[in-house]
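To start, the structure under review is shown below, and the notes come after it.
Order of appearance sets the numbers: ligands from 1, and atoms from 1 within every ligand.
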Amino acid sequence: MSLIAVSKTKPVAAIEELYALGHRDFGENYVQELLSKSEVLPKDIHWHFIGHLQSNKVKQIISFVHLIHGVDSEKLLVEIQKQSLKAGRHVDVLLQMHIAKEETKYGLDEKELSQILANINNHAYPNVNIRGLMGMASFTDNLTEVRNEFRQLKLYFDDARKRLNETMFDTLSMGMSGDYQIAVEEGSTMIRIGSLLFGKRS
Ligand SMILES: *Cc1c(COP(=O)(O)O)cnc(C)c1O
């Protein structure tokens, strides 16, 4: 189980505090904020980009990003491939699935996932390591609903792993401060925790 400390909107000093305790994996949602923090913080931090990434901003983070969690379109994947090749890197990514009831959350549907998996098997993305899936459950007090959504994501994950020829596919990023216990019970391998670690965001 890995723990990503989600430090968005929090000051550099808050990250340094956890870093001093030995933590190295931090998550950020905004490109500009990630750039300014990574510039002043130690280089051995693993930066996770967990927000919605616009294609035109990929090149700004590609040289150092550790894992891009929110790949939610083929267009974005094409751009990540292009920029990774240019940078001479192999970059790890997760495909983001839409599992919540809310329309507002980003992510792929089953058909889009299927198309991407086919293209991966056809070697369309040689510089991109598709490491697994990511998803966000509905923001609701209905814990049965949340559990069902995570369970669905785990099914997509198991199915995708079977379909892929290569087997670096080992990461299921699901669970935040409010629902990580359920996510872990449903098979999460990576939780993204912000407010429980750093306090509420304003
Ligand atoms: C902000 C955010 C988190 C952390 O949320 P908390 O509820 O503060 O733990 C996790 N994942 C994503 C994608 C986020 O945007």
Item to check | Euclidean distance, E16 CD relative to K37 NZ, rounded to 0.5 Å | outcome: 11.0 Å
Item to check | CG-OH distance between L133 and Y156, expressed to the nearest 0.5 angstrom | outcome: 10.0 Å
Next on the checklist: Please compare M176, K8, M174 and report which has the shortest non-hydrogen distance to atom 14 (C) of ligand 1.
Outcome noted: K8
Checklist entry - Taking heavy atoms and a distance under 4.0 Å, where does N29 meet ligand 1: side chain, backbone, both or neither? => result side chain
Checklist entry - Applying a 4.0 Å heavy-atom criterion (strictly less than), which segment of M136 is in contact with ligand 1: side chain, backbone, both, or neither? => result side chain
Checklist outcome for this item: If we number the atoms of ligand 1 from 1 as shown, the ones under 4.0 Å from a heavy atom of S177 are 6 (P), 7 (O), 8 (O), 9 (O)
Checklist outcome for this item: shortest atom 11 (N) of ligand 1-to-protein heavy-atom contact is with R192 NE, 2.8 Å
Checklist outcome for this item: If you scan protein heavy atoms around atom 13 (C) of ligand 1, the nearest is I50 O, 3.5 Å
Checklist entry - When only distance counts, is I193 in polar contact with ligand 1, meaning an N/O pair under 3.5 Å? => result no
Checklist entry - Hey, is D159 close enough to R163 for a salt bridge, meaning N to O under 4.0 Å? => result no
Checklist entry - Do you know which two heavy atoms are closest between S173 and H69, and how far apart they sit? => result OG-ND1, 3.1 Å
Checklist outcome for this item: Between S138 and E102, the two heavy atoms sitting closest are CA-OE1, 3.1 Å
Checklist entry - Among the heavy atoms of K200, does any lie under 4.0 Å from an atom of ligand 1? => result no
Item to check | Ring-face cation of R131 near F169 (centre distance under 6.0 Å, axis angle within 45°) | outcome: no
